[in-house]
There are 2 protein chains.
Amino acid sequence: MNLYQFELFCQIAKVRSFTKAAKLMHLTQPAISAQVQAMENFYGTKLFERSATGVKLTPAGELVYKYAQHFLAEHEKLEREIDNLLGTNAQTIVIGASTTIGNFALPCNVWSFKEKFPEANIRIEVDNSQKVIALVLDGKVDFGLAEGPEFTNPDLEIKKVGESQVVVITSPELPQAQQNSITIEELKKLPLILREPGSSVREVFFEAIKKTGIPASELNIVLELGSFQGVLEAVKKGHGVSISCLEAVKKEYHRKELHYLTLKDMELTMPFLLVYRKDRTFSPLAKRFLRFIIGPAALEFC
Amino acid sequence: MNLYQFELFCQIAKVRSFTKAAKLMHLTQPAISAQVQAMENFYGTKLFERSATGVKLTPAGELVYKYAQHFLAEHEKLEREIDNLLGTNAQTIVIGASTTIGNFALPCNVWSFKEKFPEANIRIEVDNSQKVIALVLDGKVDFGLAEGPEFTNPDLEIKKVGESQVVVITSPELPQAQQNSITIEELKKLPLILREPGSSVREVFFEAIKKTGIPASELNIVLELGSFQGVLEAVKKGHGVSISCLEAVKKEYHRKELHYLTLKDMELTMPFLLVYRKDRTFSPLAKRFLRFIIGPAALEFC
DNA sequence: TAAACTTACGTTGTGCGTAAAAATC
DNA sequence: GATTTTTACGCACAACGTAAGTTTA
């Protein structure tokens, strides 16, 4: 039995569903099934009653739940005590983060990390993905959180820690805002506003375009801006359409300041990558943050 | 982090040595090193100070030790509560055990199991290894604990859970009792008393003899007895020498009622095998006992 | 029939043992 | 130099994802 299993178990018990727990823990549903089966086999009894509407704890499951919560809480206490002993919680972590992550995903993660480690000192350097990778390679930051596309580098360890859907954003005033999706042929005709080269959304988008066989030169790029906010404002005003992570524009969408369209016949998602030098030795606090980012509370928008 | 690692950790902390802990946990020493390194990496700090005389807990290690003990104790409590809930601790387990195991190794294991599960009802059927296998195949017992030699059977799951050295036993009065080892050539000349066919010590011994190229017919077998106690008495009285598990005659050796010799140029050990039908479904209590037998407290003489 | 869980299977990573090396008394 | 821990490497098993199957409201 391991603490990870207890963590899964608590999550399942809380949301009363394997499927939902799988999503929250960034696993597939069968993986959850397998872990629960392993636990049930270990304790020699069913822990959940399954049904088509979800799952429910058995009496034995209730017991395991009680103890599992206790174990997780106590183990956090142990980690905190070790930190106090070593004084590691007063250390500094320097993170390089790309625009979307730095603005929309990382802050809330940092926030909940700070709740656990109030004395931790975290500095985030926000730049586009290419620059973040450079910061990591130069050792200027402990590690980087960049958006895809995925790549390899012999000096770097690269792990996917999340992803986001990529969509076309338009002003709600444009005729296209009546639709929910758009073909590339239609998009080609629209004025396109993009971030600067080095921006990941741009890279991912261009890569996907290339796969369709359409030359990038056929796109009607009317403006390139070195700032996400700038692009957003330009699109809001109807100067053109752009490409963005869905989660980065959700707020504007709900405020009806923007509309978004999915690209037809294209699976356009953007992976979030954790990147660090293979030869780097991390401070205890940095290791904690890594576990925190990689672990069950993986990078997510909030 | 998992409970098994905490168990290893506590054992190491208790005996203050990786090497000793490895032996107690039936692992190799590098396996212990690796687990400790994994834990140290996880917590981001050294947990043991290493030296050529053993290891010592660091302050952080002391903390982990405190919590580890707590976790293990609490988890046992959880298991007991589940048992009480299901009433499984009042069930019966039927074990088939071969002579040596049934007489010398199993009783103490059963005893410490009973301490954890006082209401458990355990029945042990003692016979020679061949008969034990038959009992398992017939479903007459939940599982069997037999001595080697190792074998395979498509219907059976077979796991090694311990082993013992096999030695030649003699009366302390015989001239051979001055030596600590004996060659096969010397042994051939001595009157040999053996257990009946089907006894494992006999099988292991014959297999080893066969490997030397010496025909078994050259052995001077003067008596075959269907009882371990009978063989022991005959040897004590100097009627001949015999073959036995070292641990089974330790008591007599210390009382100077018997002497034992290792066989020269032969690595003669006898594995202890846990055997059960692959298609068998176990009661929760039986699963507990299996975990108990296979786990860290593996089958050992006492 | 749609949503939920299970089974089957191929791939990847972790844990262990063996063997050889390094460190310490 | 003997004892203890570490490193290197090959193998086996466990965990996960994909895809297909089964159950139930």
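Residue numbering restarts at 1 for every chain, and letters A, B, ... go by the order of the sequence lines.
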A:L8 versus A:L27, closest heavy-atom pair with distance: CD2-CD1, 3.9 Å

Carboxylate-amine/guanidinium contact A:R291 A:E79, below 4.0 Å: yes

Heavy-atom side-chain contact between B:F71 and B:L3 under 4.5 Å: yes

Span of DNA chain D, from the first to the last nucleotide whose atoms fall under 4.0 Å of chain A heavy atoms: D:dA15 to D:dT24

Listed pairs, N/O of protein and of nucleotides 16-22 of chain C, under 3.5 Å:
unit_1, atom_1, unit_2, atom_2, d
C:dC16, OP2, B:Q35, NE2, 2.6
C:dG17, OP2, B:T28, N, 2.9
C:dG17, OP2, B:T28, OG1, 2.8

Atom-to-atom span, CG of B:N2 to P of C:dT14 - whole angstrom: 13 Å

Atom pair distance, as rounded to whole Å: CD in B:Q5 and P in C:dT14: 12 Å

Any side-chain heavy-atom pair of B:T100 and B:C245 under 4.5 Å: yes

More than 12 heavy atoms from other groups under 6.0 Å of CZ on B:F42: yes

Selection: residues 46-55 of chain B, any non-hydrogen atom under 4.0 Å of DNA chain D: B:R50, B:S51, B:A52, B:G54, B:V55

Nucleotide C:dA23, atom P - distance to CZ of B:F18 in whole Å: 17 Å

Rounded interatomic separation in angstrom, taking CE from B:M25 and C1' from C:dG15: 14 Å

Flag if over 12 foreign heavy atoms under 6.0 Å of CZ, A:R280: yes

Non-neighbouring partners of A:T262 that pass side-chain hydrogen bond (donor to acceptor under 3.5 Å, both in side chains), sequence neighbours left out: none

By side-chain hydrogen bond (donor to acceptor under 3.5 Å, both in side chains) - contacts of B:N41 (at least two apart): A:K287

Salt-bridge criterion met for B:E207 and B:K210 (N-O under 4.0 Å): no

Residues in ring-ring contact (aromatic ring centres under 6.0 Å, His included) contact with A:F48, at least two apart in sequence or another chain: A:F9, A:F18

Protein-nucleotide distance (B:M39, atom CE; C:dG15, atom P), rounded to Å: 12 Å

Heavy atoms of other groups near B:Y253 OH, more than 12 under 6.0 Å: no

